[in-house]
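For reference, the structure is listed below as structure tokens.
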Amino acid sequence: MANAPKTAERTTKNYLTALREAHFEEMERNPDMICLGEDIGILGGAFTITDGLQAKYGKDRVVDMPISEAAIVGVGCGAALNGKTVVCEMQFIDFISCGFDQIVNMTATYHYRTAGEVAIPMVIRGPAGAYGGGALYHSQMNEAWFAHSPGLKVVCPSSPTDAKGLLKSAIRDPNPVIFYEIKQLYRDRKIEEDLLSGDDALVPLGKAKVVREGADVTLVTYGQSVWHCMEAAANLEQEGYSAEVIDIRTLVPLDSETIIESLRKTNRIVAVNEAPMTCGFAGEILARISQDAFELLDAPPMRVTRMDTPVPWVEPLELFVLPSPAKITEAALRVCKF
Amino acid sequence: MANAPKTAERTTKNYLTALREAHFEEMERNPDMICLGEDIGILGGAFTITDGLQAKYGKDRVVDMPISEAAIVGVGCGAALNGKTVVCEMQFIDFISCGFDQIVNMTATYHYRTAGEVAIPMVIRGPAGAYGGGALYHSQMNEAWFAHSPGLKVVCPSSPTDAKGLLKSAIRDPNPVIFYEIKQLYRDRKIEEDLLSGDDALVPLGKAKVVREGADVTLVTYGQSVWHCMEAAANLEQEGYSAEVIDIRTLVPLDSETIIESLRKTNRIVAVNEAPMTCGFAGEILARISQDAFELLDAPPMRVTRMDTPVPWVEPLELFVLPSPAKITEAALRVCKF
Amino acid sequence: MSQSSVTGAYHDKLTPEDHIEILNQLYLARYFDVRLSKEKRKGRLTGTLYSSFNQEAIIVGSLFGLKPTDWISPIHRDVPAFFLKDCRAGWRNEDRMGMSIKQVCAQVWGKVDSPGRARDNWSHIGSKSKCIIHSTSMLAGTIPVAAGVVYADRLDGGDAVVLTYNGEGSTAQGVFHEAINFAAVHKLPVITIIENNQWAFGTPIELEVPTKDVADRAKGYGIPGLIADGQDVLDVYDKVMQAVDWARSGKGPSIVECKTYRAYGHGDHDDDRAAKYRSKEEVKQGRSRDPIRIYKQLLVEKGILSAKDAKKHAAEGKGAMEITDQDFPPVVVDYMTEGVEFAIKSNLPEPEEGGKWVFRGDA
Amino acid sequence: MSQSSVTGAYHDKLTPEDHIEILNQLYLARYFDVRLSKEKRKGRLTGTLYSSFNQEAIIVGSLFGLKPTDWISPIHRDVPAFFLKDCRAGWRNEDRMGMSIKQVCAQVWGKVDSPGRARDNWSHIGSKSKCIIHSTSMLAGTIPVAAGVVYADRLDGGDAVVLTYNGEGSTAQGVFHEAINFAAVHKLPVITIIENNQWAFGTPIELEVPTKDVADRAKGYGIPGLIADGQDVLDVYDKVMQAVDWARSGKGPSIVECKTYRAYGHGDHDDDRAAKYRSKEEVKQGRSRDPIRIYKQLLVEKGILSAKDAKKHAAEGKGAMEITDQDFPPVVVDYMTEGVEFAIKSNLPEPEEGGKWVFRGDA
Ligand SMILES: Cc1ncc(C[n+]2csc(CCOP(=O)(O)OP(=O)(O)O)c2C)c(N)n1
Ligand SMILES: Cc1ncc(C[n+]2csc(CCOP(=O)(O)OP(=O)(O)O)c2C)c(N)n1
Ligand SMILES: [Mg+2]
Ligand SMILES: [Mg+2]
């Protein structure tokens, strides 16, 4: 995905720029779209994603909110109920816990409890993920809480193209979407890509992507772990095994077909998530596969996840508890050699 | 478990009384124990579980809290940090969402982030579960959110003996425990039991219980679903299959051994939870079993759960989305006939 | 001598017809409450009832001056608000910006003709087209949503205000603070009505609110904190209209505390226990100022109601169980009866609906 | 003429030695800040720094009058508080009820000798035995915990008070309201210090707080809301001690707003952007009242410090980058240097520690 030809004319863009472009294009396209978040206006966002957005679209559409996550979500829900398309930023996705009730009980259920009368077109997005020394409260991947809360779609892109295309689709989706941005990828030059714009840039929700073809084992994941799986796939190549890597991109709704399709070839699966193991999404994938594709499995379906611990601060501790290319390689070798 | 001989002298007690006795016995045993919750003092609790507790132990130890779930948890955490053993009541477990951050980020992580300096002996308990027309906000089983949040133990009893014994153990445990009480069982006469008291009544956390022996399929669950599985087991008997029923009782830490032990006999498993399917605990059980006991499985590991919807109000809707003995029986027959 | 504290202002502009309409709305709110208790006792209705008996003046008085396009978000104790909204436009007028009694009764009975198709219970209904916000159970949870609704309306050039209803106990929730703080910063037309009935389930106000008046919460945001006699429908009307004009003119949010008393248990399941945790004297005192009696006295003094007509119906000063249909004007009994009969005839939703509408775009 | 607004009260009882100690603590707080910036520029330190430059008087003045067994919960901008607590008992006194500079530096450097063994970053440390509450990142999140700590202490017959530190922006959090409401209902000795530095990251106070003074939040709870000149260490000391005596005598919580100005970026990563979103004039004005200069002037007037000694060190009125070690008393430089050298020598924790201590009772 990062191998677009680099020529003088063409300039590749990073994941962060992709997200910024999605904001500008959708704000331009939809005059009813507003953005709510802490420090997104005057400052332009902690990570500059909304840099210049308030200057262009004004204080009313790009709102510097008080440090009130519950109000950010609740106000967004009310604005959406009354005709707006709302993008809420959590300065770090970790702080979403402070707006939790408004998300899972107010926003997520609105369409259901009103029997379809009221849709809430809202995206709650923010920087997520570990591997940067962010410690317990600036490293979380808490997507499983929301995957388990009916009425929410959950999305997590691993490339600039997907970041832009999925965010644009999430903004246009009539349902609330929790959108996980991998902050370690924001400025990663290795994954820069040329980006399309307008409708051409759209990437549909609910479709997984085979990012690497292989025949011996299927590595299924999303977010930062996609790159760890690509590295593991390279390692496996050395060992003489060819790994297929699937980036599910959307957790809810999940594109199981693409995974099962792959299993028809490989008959082996390793699912990876950065979040804690218990009730994490890798486990959900194993549960679905082992129930729905049992006969396709020639080896135990395995998962590689964070240990069931918070994310500790300093590097030796952090790496000890988190998934890594090495850990994924090891797990894959076990199922390959099974 | 509900078949203790009924004689004139002996009197069986219900699940609610069991919980009340646990409160009184532990308050008596530990002068440093306090209870915090809405309407638990003057009123004695929405369900009378703490009836008489404030009269006996005073306003300072049994505190009628403002309608502030975050403060109930946060104040409890601070009191525990400073030497108290704290029991927090959520009037309905559904409202735990309003105290979410204080639970998952403040309380759950305290021991971890202080490298073991500070333990938080706290129980957060409350009425949970559907099947009573409680609708979206008086029916939840949201245990998976907390099973996925490192540092919390998660417990859910299905009988009076376990309700009393596990609550007493949870209160004595030095870690925060989220304790799910099945309100539909509170006054269920069919499951009344004779209760022990004092230390004899203790039931250890982290140990599953085989509530019915069988040879053909293992039904694994907890809470209200235990009784649905027992009913399903009876149905299966008719069909000529003998089902083993395991009540895990404690979700975190999970007693996988007992489940795997059973699979050595049955080689078939159906896991059941009342919560939504995606990232629910039944899925966690399937994920663990299919990874760790793959070779023991002669049929796809299956789960029966709520559909991925909220719990709707009126009976036809509610029963449509929830697990039932019939749905469990059907799933079990499929794996038995596989 | 009337117990009404009101001496002018907004209610001076009310016509005699308005006053009679207000009186009938008070009767209707009370009859709704009494009738449901009786239906339940007859076994024709299940589920918990949260009575607004003795608090009717707050609902009627706060709604009477609103524009049809203003928004409201009622909670468990405000169910009559769903059909009283824009009732001035004619109770049976299908186009008015409020629900019909049929819809509300269908909800109470859990039938498919409920605006929410009986997916969530009791007061958790609403209607976007009628400008009524759908609440969850989580107390104070709709205040930020209400702020968002009027924020969007203002962006679109609208002048709507929103009334959110809350008990005094609910003001302890964090989201109450976050929402009102935001509304105050942006001078949004959010009016927070506090129905201070002295009790939050089994907990007295002293354990929920540290100040004598709940209205003092407003001082923390530099916004008006008005106090109304919740037993006096015109005082409620005046104070709410002050807040409404303040809000509509862009001056921002306010809190209107309406002092009242919860006549019965928290819900009907709590009636017996409430009789223990509240003294007879306290309850007697708390129910001594019946809003219907107070208002009728005033109307008689004003010469709008003849002493004779005032006596015709006597729904005031009695307990819900002593009251009979004769204590209400026929228009009230008939209207409510239509709703009840409709609800009872209405069907349950099909089981399959339980699996629908998780997402827009699904079946 | 001194810019100090203080004219008596608590600080009158301070001895000349106390005043010199306070001055040295101000120097120490500033030197800690300056030294860390320099260490980082030298590449000897990584991670974001949240400067308390120009806000030192709030930390020093609020802590100076506490009993050793009183509790505190500092946040990101209060790191010097960890070692300044109970500093009066002797900076190097191991038994004093505060952290040593070595421990705090070990934390800043992320080494195993940190009180938290470097498991969480920056200011997220604490010590039960030293009566310091461990915070999370979630702003205002420690206020309910602080309330619980003193609730338990009171049950045990203790007389401890707790100081929680918060920025003005953090007062918009729901848990701020829930915790102070609870503390007010139970008259708990919880003192909420508001470090009002006018900015919350890139958001000015007008968008966070609807009132002119953040102290007005107190009015919503009927508790004292004091305002201190955050540049005047004695004014902070007096106002906090008023709140402390009020709290210790059982009268309940209060809020003490200390008005100040954030000298640099939100964190050092924000320095460049902050120079854009804040005007030069504003910053100049905001930094014009250096707490060290103000205090030295006062001490000279009081005759506690000679004009000559006052000139000896000139850490005041300069930017962090212009200041050199010569601008600080050697005692200050030496103490801090001990901490820095210790931290740099200290080891990283073993990787396996990452898997430990999830539960009490585990490895
Ligand atoms: C967040 C939350 N916590 C707890 C409850 C349970 N509950 C329902 S009503 C109630 C009491 C409400 O008292 P008040 O706000 O004074 O309103 P009232 O019932 O007196 O009108 C409580 C505690 C809830 N619905 N939501
Ligand atoms: C609940 C929560 N939301 C957002 C943040 C991100 N954040 C960290 S500091 C900060 C600004 C704090 O401003 P203020 O409270 O005034 O303190 P100051 O930094 O000015 O001292 C923000 C928004 C957070 N830490 N916690
Ligand atoms: Mg009340
Ligand atoms: Mg600030």
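Computed from a predicted structure; not experimentally measured. Naming: A, B, ... by sequence-line order, numbering from 1 per chain.
For Gly141(C) against Met106(A), the heavy-atom pair with the smallest separation is O-CE, 3.4 Å. Scanning both residues, Arg117(C) and Ala115(A), for their nearest heavy atoms gives CD-CB, 3.5 Å. Smallest separation of non-hydrogen atoms from Val175(C) and Ala70(A): CG2-CB, 4.1 Å. Across all non-hydrogen atoms, the minimal contact from Trp71(C) to Asn82(A) is CZ2-OD1, 3.7 Å. Across all their heavy atoms, Gly78(A) and Val149(C) have their closest contact at O-CG2, 3.4 Å. Nearest heavy-atom pair across Ala71(A) and Ala179(C) is CB-N, 4.5 Å.
The contact between Asp101(A) and chain C is made entirely by side chain atoms (from C-beta outward), counting heavy-atom distances below 4.5 Å. Proximity to chain A is limited to the backbone of Ser135(C), based on heavy atoms less than 4.5 angstrom apart. Interface remark: Asp173(A) contributes no atoms to any contact with chain C (heavy atom separation under 4.5 Å). Contacts of Ser114(C) with chain A are absent, with no heavy-atom separation under 4.5 Å from either backbone or side chain. For Asp60(A), the parts lying near chain C are the backbone and the side chain together; criterion is any non-hydrogen pair under 4.5 Å. Residue Ile34(A) touches chain C through its side chain alone, counting heavy-atom pairs closer than 4.5 Å.
Within the 4.5 Å cutoff, no side-chain heavy atoms of Glu178(C) are placed close to those of Val75(A). Looking only at side-chain heavy atoms (C-beta outward), Phe182(C) and Met65(A) come within less than 4.5 Å of each other. Looking only at side-chain heavy atoms (C-beta outward), Val145(C) and Gln102(A) come within less than 4.5 Å of each other. Between Asp32(A) and Asp156(C), the closest side-chain pair of non-hydrogen atoms falls below 4.5 Å.
If you tally non-hydrogen atom pairs under 4.5 Å between each of Gly126(C), Gly116(C), Ser127(C) and chain A, the highest count goes to Ser127(C). The candidate with the highest count of non-hydrogen atom pairs below 4.5 Å against chain C, out of Pro121(A), Pro174(A), Gly74(A), is Gly74(A). Contact count against chain C (heavy-atom pairs under 4.5 Å) is highest for Leu81(A) among Thr107(A), Val86(A), Leu81(A).
Distance check: Leu36(A) CG to Tyr151(C) OH gives 7.0 Å after rounding to the nearest 0.5 Å. Interatomic distance, CE of Met138(C) versus CG of Asn105(A), reported as 3.5 Å (0.5 Å rounding).
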Verdict with reasoning, Val63(A) to His186(C), per side-chain contact (heavy atoms from CB on, under 4.5 Å): CA-CA 10 Å; Val63(A) 188; His186(C) 290 274; 4.0 Å; yes
Could you check Lys128(C) against Glu117(A) for side-chain contact (heavy atoms from CB on, under 4.5 Å), going step by step and ending with a plain yes or no? CA-CA 8 Å; Lys128(C) 186 176 172 175; Glu117(A) 180 204 3; 3.3 Å; yes
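The number of heavy atoms from other shown groups lying within 6.0 Å of NZ (Lys59(A)) does not exceed 12.
Between the side chain of Arg113(A) and the main chain of Arg119(C), no donor-acceptor pair closer than 3.5 Å is present.
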